[in-house]
Number of protein chains: 2
Amino acid sequence: MAAASGLSRGTVSRVINGERYVSAEARDSVMSAIAEVGYVPNTAARNLKTKRSHAIGLIVHEPHSLFLEDPNIGAILLGTNSVLSAADYQLVSLIVDSERDSDRVAEYLRGGFVDGVIIISARENDPIGRAVVAMGIPAAFVGHPPDIDGIAYVGIDNVQAAEAITTRLLHTGRRRVGMIASALDRDSGRDRVAGFRAALGDAFDPALVVDYPLYSYDSGVEGMRRLLDRAPDIDGVFAASDAIAAGAMDVLRAAGRSIPKDVGIVGFDDSAWALRCQPPLSTVRQPAGDLGRMAAQRVLDQLDGRESATGGTFLETVIAWRESA
Amino acid sequence: MAAASGLSRGTVSRVINGERYVSAEARDSVMSAIAEVGYVPNTAARNLKTKRSHAIGLIVHEPHSLFLEDPNIGAILLGTNSVLSAADYQLVSLIVDSERDSDRVAEYLRGGFVDGVIIISARENDPIGRAVVAMGIPAAFVGHPPDIDGIAYVGIDNVQAAEAITTRLLHTGRRRVGMIASALDRDSGRDRVAGFRAALGDAFDPALVVDYPLYSYDSGVEGMRRLLDRAPDIDGVFAASDAIAAGAMDVLRAAGRSIPKDVGIVGFDDSAWALRCQPPLSTVRQPAGDLGRMAAQRVLDQLDGRESATGGTFLETVIAWRESA
DNA sequence: AGACTTTCTGGGAACGTTCACACAATAAGC
DNA sequence: GCTTATTGTGTGAACGTTCCCAGAAAGTCT
């Protein structure tokens, strides 16, 4: 490249990186040489020298089924991508769905392939989460893993949101209200139960809370069956996700209950499920795209040294009130 | 590292890459030195020297909405990841959702960040597809872009599958059968129409085929309205995707038609939608995970020089016959 | 006019590997 | 006991950048 432009490597490098102290003519001749030869800087060499890769890893640690079902993940991905792309960083998605993957990803991170990391849906005892924190790589979590402290994270106030929607459900006159909870190994899952409990106060009945590991349709089916079994007179349900709510609604319908007349039901996420339920589902709108954008921004800020690596950022949720309750 | 083990760089390199001509004791002392120092080979340096990155790019070129909705994409992603992970390659997902992304991704590819590329859902005039072919990077397409030849691709036989399911729909006694088509800028979309036409033979009526750009629920809603408008006596529908079928079914229900009594409907994909429709949807099972795995394998084969870069691989589809027709 | 500052350019060194080669030691073949 | 393989080890060069320093040229201040 230096040869093609007739100038030295140093000057070429300055032009490419837009540094000061380059004359207009030098810049021009380098530019035209670049265009002519179709020159592209070699990333490996640059990374080697600068110890930067200009790539950010997004670690998705989910079992197969959920990865395909959870609409939040896709939205977070796109949000993250938009911010990083604007800052000329490349998003590298790292999927972890086995122990083997877990090791390989850790290795990958140690290898300096990425400058920063975004971790979504970390749960208790997450080895990668711990590894990242231990390595001191700039990182942001989407959702706060219960057992790791001193990290940067973004999320929503699950307690407040769950309490709010449960309260509104109660205001529709429900007396026997249950909850199908999920993912109690994460803050999101636990906090939704806490909010539910807070809203019910003295009326809270632990027997009317069932829980399942996954935020899935099938969990909703199972959970609703259990609840109907325990309390045939149930007239309100808070489902910890829209997918769960969809499963629960199908069971209620099959059991001859009319929604919302006999049983009112509310969900969480405001995903594609919510609008397509019959009737449309009342739910909490979770700003998944914004969470992704914010997480990306926090990692970029750490890279620029503009921000410390700890503390949470909370985004607002809104209740979408529809016909299901 | 060489210092820590007391041996030369060359020997250390041989141990790490598992080459021949290393004595047992040398191997041992290098290994224990690695463990002690927590040594990790520097990827950038290795890439620089070997001109290999051990990463494969997966280019997803979809508008926002579809990326979130299309279950095939997630399944392809996971399938690809499993094969590459087993071969110690890292999957790097590159999301293209703007012109800007398109340029950046092309740059990224040129920069030698990946050794090979998998492109899903390429359409006509796809700039990245063309760029990849022009650069001669080992690549495999999932689905065959209509206007690029001489490439490796994997897919299903859309013509045959569409013909088969339409024929079975006809065997349920339907007389006036329409189709909601989609994505006519891709082979998949065109071929499904061709199969539909072939199954109908003389009974084919162009007025009963409507088409929309996206394989989405909304396309199904729109399309079904149009079809009902044009032919109130319609009694069979072939939807080009399950999401379209779901939209169409909701419209049919709202219009007072019973499924499958008044109208029979079939879809395509066998995605999560199919089982949760009311009634469950008859559809074509598309082996999305296998497509991902196969595409990954074909890229790896090209990297090993075991395979030429052209030709298609077709995977079998199966009809899942349920209650909707 | 001399001393200092600013702008610009070139070239050596380094980043951490792998590769090709040279060479030593041992084993095998006649 | 000579040549010829086989196995093992060390070393210089190279990959393509960026960074640092030296120094030239031009401008600015006493």
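In the text below, chain A, chain B and the rest are named by the order of the sequence lines, each starting its count at 1. Scope of the values below: all heavy atoms of this structure, side chains included, with no hydrogens, waters or symmetry mates.
- Summarising the geometry, the separation between CG on A:N47 and C1' on C:dT17 is reported as 14 Å, rounded to the nearest angstrom.
- Look at CG on B:L7: it is 19 Å from P on C:dA24, rounded to the nearest Å.
- Between the side chain of B:R298 and the backbone N or O of B:T310 there is at least one donor-acceptor pair closer than 3.5 Å.
- Between B:Y153 and B:F314, the angle of the ring planes goes over 60°, which puts this pair in the perpendicular group of the 30/60° scheme.
- Nearest-nucleotide positions on DNA chain C for A:E25 and B:L48 put A:E25 closer to the 5' end.
- Separating the CZ atom in A:R9 from the CZ atom in A:R14 is a distance of 10.5 Å, to the nearest 0.5 Å.
- In this structure, A:M31 places its CE atom where only 12 or fewer heavy-atom neighbours from other residues, nucleotides or ligands lie under 6.0 Å away.
- Protein atom OH of B:Y21 is 16 Å distant from nucleotide atom P of C:dA27, rounded to whole Å.
- Annotation: A:E25, atom CD; neighbour count of heavy atoms from other residues, nucleotides and ligands within 6.0 Å does not exceed 12.
- Surrounding CD of A:E36 are at most 12 heavy atoms belonging to other residues, nucleotides or ligands under 6.0 Å away.
- Remark: A:T11 is in phosphate contact with C:dG10, judged by side-chain N or O atoms under 4.0 Å from OP1 or OP2.
- Remark: A:R293 engages A:D290 in a salt bridge (charged side-chain N to carboxylate O under 4.0 Å, His left out) (not counting sequence neighbours).
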query: Using a cut-off of 4.0 Å between protein heavy atoms and nucleotide atoms, how would you tag nucleotides 18-28 of chain D 5' to 3' with B, S and -?
result: BS---------
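- For D:dT11, neither phosphate oxygen OP1 nor OP2 lies less than 4.0 angstrom from any side-chain nitrogen or oxygen of B:S8.
- Comparing A:A26 and B:A44 by the nucleotide of DNA chain C that holds the closest heavy atom to each, the one mapping nearer the 5' end is A:A26.
- With rounding to whole Å, B:I34 atom CD1 is found 14 Å from C:dG16 atom C1'.
- One interatomic measurement links the two molecules: CZ of B:R20 to C1' of D:dT9, which rounds to 15 Å at whole-angstrom precision.
- In this structure, B:T80 contributes its side chain and B:G292 its backbone to a donor-acceptor pair below 3.5 Å.
- Remark: the backbone N or O of B:H54 is paired with a side-chain donor or acceptor of B:D115 at under 3.5 angstrom.
- Remark: P of D:dA14 and CG of A:N42 are 17 Å apart, rounded to the nearest angstrom.
- Summary for the helix from C:dA1-D:dT30 to C:dG29-D:dC2: the axes at its two ends, each from 5 pairs, differ by 40° when rounded to the nearest 10 degrees.
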